[in-house]
Colleague: 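Following this message is one structure expressed as structure tokens.
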Amino acid sequence: MRARFTSHSAPLCTSKLLGSASQTVPRFAETAKVRRVTRCSCRDGKPSASGVKPAVRFKVPVGGTTKFLDVVFGEREFSNDEIEDFVLLRSGKGEEEFGQAMYHMSVVVDDIDMRITHVIRGADHISNTPKQVLLYRAMGAAIPFFAHLPLILGADKSRLSKRHGATDVNMYRTEGFLPEAFRNFLALLGWAPGGDEEFLRTSQLLEKFSLQGVSRTNAVFDRPKLEWFNTQYLQKLPIDELLPEVEAQLRRSGLWKDEWATGAGREWFSRTVDLLRPRVRLLPDFASWSRAFFSDEFERDPAAKEKFWKEPAKIKELLRKTADALAALTEWSHDPCDHATRAVAEAAGVKAGLLINAIRVAIVGQAVAPPLFDTMVVLGQERVVRRLRDAVTELG
RNA sequence: GCCGCUAUGGUGCAACGGUUAGCACGUAGCCCUUUCAAGGCUAAAAUACGGGUUCGAUUCCCGUUAGCGGUACCA
């Protein structure tokens, strides 16, 4: 089988060659080892085997080279003798004379048609480019600029695939990465702005980016750094740009309330998101661990209780006293909450930190949350007191 | 196999003949502290190997090795 395939005397134009039955076609990786450059049999004046429909191949010049200018890799030159007589049109099936056009044929025709001036694509196409250049020439069209970009590899340095997790940009979106953070991260794969600053908003990237600055080395997709960019954007983005993203998350989780769209509700929403953002890593965190800020229906995390409610009886008593003290406040803001809480701790002879941590678990159900008194202000007096009393009940 | 591309800490990039080889992520430690982040400071950590060229190589040339890509009637 193999001998027939590589032999120059074989009827290379026929579909019979590769076999319509798949078992006659060895796996590509294996055939490559024994393979030589394919020349169309018609060069020897031999017609296709009778009865089989021919495919149309490109008659590559014998000898000489084909070169092109790559904006990233520079002047490239390939020997024509390394390029096989590649197939342009598949052989026809049934009644049709020819089948569908192959990739190289399609893209070149399409790009000429669309008057494409710059072909920017992955470096995996660099070896195929001379074939396309040959086609442009054969069709009398102007050859565009080519720019091949380094490939993005997985952490194991193999080509990025499903195995590496998300492979589709939309998946990063659903995971909760901000589009602009993702863009910033991606831009830095195979390119650097020059200075030391890596945090660049899209407008700045647009201004600084240049194809000539692109590196020729493949880059590894570094997920931790992507996450870092996301936290940076979550923190530094003007709050008005972040709010719609958070709103979308809350809507998705059924936590959204229309009163947060305008007026005082909007102001509260903005302040709350601003308070939460330094601790959020991914957008869905706003609806998950921050749930207690947007809904009264939340669970107290067992691990948090384990950590900060170590002595239930003592905690219960402290929380009960705190609830009373806070309920009595006539002004609900940071300092009064702070003073009242510390007074309870002092009276009970415990460290303020102990009480503070216990309260945090009681009012937001998490061990991790924004600074306590800011949290209290945002939640409001009525809610804080109620949650403290609920916690007392929960403690038995 | 053949052809081609690439090679700076674990990762992404700087340094484009002369620097104590720089920055960022990550890692470790310290500070801050009300949890956890953030932030600040510090530390460990690199020019793949071998030959040239040069007064001087991370940088230019050659070879080796390694990784990647291409080599399909896939795209």
Side-chain angles (χ1 to χ4, degrees), chain A residues 13-15 17-20 25-38 53-57 70 72-73 76-79 81-84 86-93 98-104 106-107 122-131 148 150-151 153 155 157-159 185 188-199 213 215-229 231-232 234-235 276-281 289 304 307-308 338 341-342 351-361 364 366-375:
Chain A
C13 279
T14 69
S15 56
L17 178 67
L18 283 173
S20 43
V25 185
R27 296 185 62 77
F28 176 66
E30 296 161 20
T31 73
K33 291 178 188 159
V34 293
R35 186 138 197 226
R36 281 187 288 157
V37 174
T38 302
K53 289 191 171 150
V56 176
R57 286 177 184 269
D70 189 300
V72 175
F73 287 80
R76 293 291 104 173
E77 186 170 7
F78 290 82
S79 163
D81 293 333
E82 293 297 331
I83 307 169
E84 67 169 2
F86 53 101
V87 173
L88 261 23
L89 255 38
R90 295 179 169 88
S91 56
K93 284 197 178 93
F98 296 112
Q100 283 203 308
M102 295 287 287
Y103 172 75
H104 296 302
S106 307
V107 266
D124 50 344
H125 277 100
I126 199 161
S127 304
N128 280 325
T129 304
K131 289 178 188 168
H148 288 95
L151 264 19
L153 276 20
K157 300 202 182 215
S158 74
R159 223 169 159 173
F185 166 73
L188 261 24
L189 249 30
W191 176 78
D196 280 345
E197 190 54 69
E198 291 193 317
F199 183 91
S215 124
R216 303 175 181 187
T217 325
N218 291 163
V220 172
F221 190 96
D222 186 20
R223 171 130 185 156
K225 190 154 186 176
L226 202 213
E227 290 177 359
W228 177 79
F229 269 112
T231 58
Q232 290 298 307
L234 282 170
Q235 273 176 82
L276 255 14
R277 71 204 289 205
R279 261 150 280 254
V280 171
R281 297 195 72 78
W289 77 262
K307 186 174 181 188
F308 293 125
D338 189 334
T341 303
R342 288 182 196 280
K351 284 177 67 180
L354 177 91
L355 213 209
I356 286 168
N357 290 331
I359 295 171
R360 180 177 297 107
V361 177
V364 299
Q366 298 288 331
V368 175
L372 188 72
F373 305 115
D374 294 323
T375 299

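Protein chains get the first letters and strands the later ones, always in sequence-line order, with residue 1 at the start of each.
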Colleague: Among B:rG12, B:rU71, B:rC23, which nucleotide has an atom closest to any side-chain atom of A:Asn128?
Modeller: B:rU71
Colleague: Does B:rG4 pair with anything, Watson-Crick or G-U wobble, both distances under 3.5 Å, and if so, with which nucleotide?
Modeller: B:rC68
Colleague: Reckon A:Asn218 has a side-chain N or O less than 4.0 Å from the OP1 or OP2 of B:rG67?
Modeller: no
Colleague: Write down the distance separating the C1' atoms in B:rC23 and B:rU6, rounded off to the nearest Å.
Modeller: 23 Å
Colleague: If we take the P atom in both B:rA28 and B:rG69, what is their distance in whole Å?
Modeller: 33 Å
Colleague: Find the partner of B:rA75: check Watson-Crick (N1-N3 plus N6-O4 or O6-N4) and G-U wobble (N1-O2, O6-N3) distances, both under 3.5 Å, and reply none if neither fits.
Modeller: none
Colleague: Within the structure shown, what part of the strands sits under 4.0 Å from A:Asp124 by heavy-atom distance: base, sugar-phosphate, or nothing?
Modeller: sugar-phosphate
Colleague: Given the P atoms of B:rG26 and B:rG12, what is the spacing between them in whole Å?
Modeller: 15 Å
Colleague: Between B:rU8 and B:rU58, how far apart are the two C1' atoms, rounded to whole Å?
Modeller: 7 Å
Colleague: With the side chain of A:Pro224 defined as its heavy atoms from C-beta on, choose the nearest nucleotide among B:rC23, B:rU11, B:rG26.
Modeller: B:rG26
Colleague: Base, sugar-phosphate, or nothing: which does A:Phe73 touch, judged by heavy atoms less than 4.0 Å apart?
Modeller: sugar-phosphate
Colleague: Give none if B:rC41 has no partner; otherwise give the nucleotide forming a Watson-Crick or G-U wobble pair with it, both distances under 3.5 Å.
Modeller: B:rG29
Colleague: Considering only heavy atoms and no angle criterion, is a donor-acceptor pair shorter than 3.5 Å present between the side chain of A:Glu198 and the base of B:rG12?
Modeller: yes
Colleague: Is there, by distance only and without an angle test, a donor paired with an acceptor across the side chain of A:Ser127 and the base of B:rG69 below 3.5 Å?
Modeller: yes
Colleague: Both distances below 3.5 Å, Watson-Crick or wobble geometry, any strand: find the nucleotide opposite B:rG56.
Modeller: none
Colleague: May I ask you to evaluate whether A:Arg76 reaches the phosphate of B:rG69, defined as a side-chain N or O under 4.0 Å from OP1 or OP2?
Modeller: no
Colleague: How far, in whole Å, is B:rA38 from B:rC32 if one measures between their C1' atoms?
Modeller: 11 Å
Colleague: NA contact type, A:Lys131, heavy-atom cut-off 4.0 Å: base, sugar-phosphate, or nothing?
Modeller: sugar-phosphate
Colleague: Side chains of A:Arg360 and A:Thr375: does their closest heavy-atom pair fall under 4.5 Å?
Modeller: no
Colleague: Does A:Glu197 reach the main-chain N or O of A:Phe199 with its side chain, forming a donor-acceptor pair under 3.5 Å?
Modeller: yes
Colleague: For the P atoms, the ones on B:rC62 and on B:rG67, what distance do you get once it is rounded to whole angstrom?
Modeller: 22 Å
Colleague: Could you tell me the Watson-Crick or G-U partner of B:rG50, where both distances fall under 3.5 Å? Say none if there is no partner.
Modeller: B:rC62
Colleague: OP1 or OP2 of B:rU11 versus the side-chain N and O atoms of A:Lys157: is any pair under 4.0 Å?
Modeller: yes
Colleague: Can you tell me if the side-chain N/O atoms of A:Arg159 get under 4.0 Å from OP1 or OP2 in B:rG70?
Modeller: yes
Colleague: For B:rA24, give the paired nucleotide (Watson-Crick: N1-N3 plus N6-O4 or O6-N4; G-U: N1-O2 and O6-N3; both under 3.5 Å), or none.
Modeller: B:rU11
Colleague: Taking the same atom, C1', in B:rC13 and in B:rA7, what whole-Å distance lies between them?
Modeller: 14 Å
Colleague: Hey, is the side chain of A:Ser215 pairing donor to acceptor with the base of B:rC13 inside 3.5 Å?
Modeller: no
Colleague: If the sugar-phosphate is the primed atoms plus P, OP1 and OP2 and the base is the rest, what is the B/S/- string for nucleotides 27-44 of chain B, using protein heavy atoms under 4.0 Å?
Modeller: -------BBBBSS-----
Colleague: For B:rC16 and B:rG39, measure between their P atoms and round to the nearest Å.
Modeller: 30 Å
Colleague: For A:His104, report the nucleic acid contact type (base, sugar-phosphate, nothing); a contact means any heavy atom under 4.0 Å.
Modeller: base
Colleague: How do A:Leu189 and A:Ala101 order along RNA chain B: which one's closest nucleotide is nearer the 5' end?
Modeller: A:Leu189
